[in-house]
Student: 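Okay, here's the structure, questions in a sec.
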Amino acid sequence: MIEVSHVSRLFGTFRAVNDVSFSIPTGQIVGLLGPNGAGKSTTMRMVTGFLQPSSGTIKIDGIDITQNPVDAKRKIGYMPESAPLYSDMIVEDYLYYIARMQGVDPETRVPELCTTCGLKEVMHKNISELSRGYRQRVGLAHALMHNPEILILDEPTSGLDPNQIEDVRNLIKEIGKTRTVIISTHILGEVEMLCNRVIIISQGKVVADSPTAELRERYGHSLALQITVGGCSSTELLQALNTLQNAAGASAMTPEPIKGESQLAGAVVSVKDNEELRPALFKLIVDKGWTLYELTPQRNSLEDVFHILTTQEA
């Protein structure tokens with residue numbers, strides 16, 4: 001359990017974090033989002049104990065990280081964006097060194113992490129010879145060495161190729177089954193795939209804290225339908241769509257060409273209060289004698305929500 005209560009952080013007269021509060025129970029994977037300069041990294045550094053808050057309290061399983069930092073930090077594993085590894089060491093030697101430094105039995109723990117983090121193929125390689133993907137895995141093994149209850153990852157897939165990203169994501173999902181995980185990333189699609197909750201920080205304040213799906217419903221635009229119709233002009237289609245009772249408006253779009261169809265029109269129809277519009281829309285097109293080629297629901301993405309919450313005026 002992480003409890004952040006009314007935490008602020010000043011750098012001189014500049015307030016980087018302003019009265020931030022949230023709590024995260026065990027077993028959640030949480031995405032911590034924010035634009036550059038929003039206070040996100042400062043918040044993470046305070047949670048991990050690298051920075052002290054100017055005011056407020058941070059507790060890790062009830063332990064105040066300012067008053068009892070050693071016991072609190074024992075419960076946290078932290079992997080920064082660029083994992084600070086000793087490049088001149090062999091992977092196995094490095095992990096044994098970290099285990100001994102943290103008072104962990106290396107003969108038991110290192111083989112476990114070798115399997116968990118998929119390091120078997122590189123255990124006898126020099127760290128400087130590793131790809132970025134494997135370096136991230138070694139950094140993750142380092143963060144997990146003392147079997148922490150909380151894992152904090154800063155841009156864990158930054159700079160990885162698509163295959164490496166998929167491997168690291170699967171690893172995080174597996175780890176998240178038994179631990180609290182906080183992920184800071186600019187890849188919002190990654191948050192949607194990994195996180196069941198999102199905290200967004202903007203201008204030093206928490207502007208949203210909600211389950212991912214609920215966040216999209218609460219802050220994003222309403223449901224819209226993208227359609228492609230054959231046998232009519234764009235003007236005819238828009239005029240017809242605006243007669244539908246639950247349509248909030250329609251805008252034209254250029255559809256992809258369809259072989260054998262000389263006259264195509266496309267549109268995006270906004271739906272009032274997320275009402276069901278598809279049966280009436282289908283009936284309208286049939287009654288007009290047109291051909292329906294596409295009818296695709298479009299819901300707002302996390303990118304839409306992020307843009308709304310981090311660009312609005314304070």
Side-chain angles (χ1 to χ4, degrees), residues 30-38 40 162 185-203 205-314:
V30 177
L32 183 63
L33 306 179
N36 292 332
K40 173 176 76 312
T185 179
H186 287 100
I187 306 172
L188 301 186
E190 187 164 85
V191 173
E192 292 193 274
M193 284 186 277
L194 287 175
C195 304
N196 39 39
R197 177 180 165 195
V198 175
I199 298 172
I200 299 178
I201 295 178
S202 181
Q203 299 179 13
K205 296 182 178 182
V206 173
V207 294
D209 181 356
S210 177
T212 310
E214 186 179 309
L215 195 65
R216 290 197 303 267
E217 292 295 331
R218 185 182 302 171
Y219 293 102
H221 58 69
S222 61
L223 174 67
L225 300 171
Q226 179 175 311
I227 65 170
T228 300
V229 177
C232 70
S233 68
S234 178
T235 301
E236 290 175 320
L237 178 60
L238 292 179
Q239 287 176 345
L241 293 175
N242 286 323
T243 65
L244 292 172
Q245 182 177 356
N246 289 320
S251 58
M253 57 161 284
T254 303
E256 293 289 330
I258 296 175
K259 187 177 180 180
E261 182 62 68
S262 60
Q263 190 176 34
L264 276 177
V268 176
V269 190
S270 298
V271 182
K272 290 180 181 178
D273 301 320
N274 289 338
E275 293 288 339
E276 182 54 76
L277 185 65
R278 284 171 291 185
L281 181 56
F282 181 77
K283 184 177 184 303
L284 171 69
I285 292 170
V286 171
D287 290 345
K288 292 285 187 179
W290 299 334
T291 304
L292 180 63
Y293 286 103
E294 179 187 12
L295 176 54
T296 308
Q298 291 185 325
R299 290 194 179 273
N300 52 296
S301 66
L302 192 56
E303 283 88 348
D304 297 324
V305 177
F306 183 85
H307 180 75
I308 291 168
L309 292 173
T310 58
T311 58
Q312 62 188 5
E313 293 184 6

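Note that the numbering runs from 1 along the sequence shown for the chain.
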Student: Check each of Val206, Leu33, Val207 against Ile199 using the side chain to side chain contact (heavy atoms under 4.5 Å, CB included) test, and report the only one that passes.
Tutor: Val206
Student: Side chains of Asp209 and Arg197: closer than 4.5 Å at any heavy-atom pair?
Tutor: yes
Student: Under 3.5 Å, sequence neighbours excluded: what are the donor-acceptor pairs made by side chains of residues 244-263?
Tutor:
{"unit_1": "Glu261", "atom_1": "OE1", "unit_2": "Tyr293", "atom_2": "OH", "d": "2.7"}

Student: Do you know the tightest heavy-atom contact between Leu225 and Arg278?
Tutor: CD1-CG, 3.9 Å
Student: Distance check, rounded to the nearest 0.5 Å: Leu241 atom CG versus Ile285 atom CD1?
Tutor: 7.0 Å
Student: For Lys283, which residues count as a salt bridge (charged side-chain N to carboxylate O under 4.0 Å, His left out) partner, sequence neighbours excluded?
Tutor: Asp287
Student: Going by atom type alone, with no hydrogens or angles, which donor-acceptor pairs under 3.5 Å involve a side-chain atom of residues 226-240 and a protein atom two or more places apart or on another chain?
Tutor:
{"unit_1": "Gln226", "atom_1": "OE1", "unit_2": "Gln298", "atom_2": "NE2", "d": "2.7"}
{"unit_1": "Gln226", "atom_1": "NE2", "unit_2": "Glu294", "atom_2": "OE2", "d": "3.2"}
{"unit_1": "Thr228", "atom_1": "OG1", "unit_2": "Glu294", "atom_2": "OE1", "d": "2.9"}
{"unit_1": "Ser233", "atom_1": "OG", "unit_2": "Glu236", "atom_2": "N", "d": "3.2"}
{"unit_1": "Ser233", "atom_1": "OG", "unit_2": "Glu236", "atom_2": "OE1", "d": "3.4"}
{"unit_1": "Glu236", "atom_1": "OE1", "unit_2": "Ser233", "atom_2": "N", "d": "2.9"}

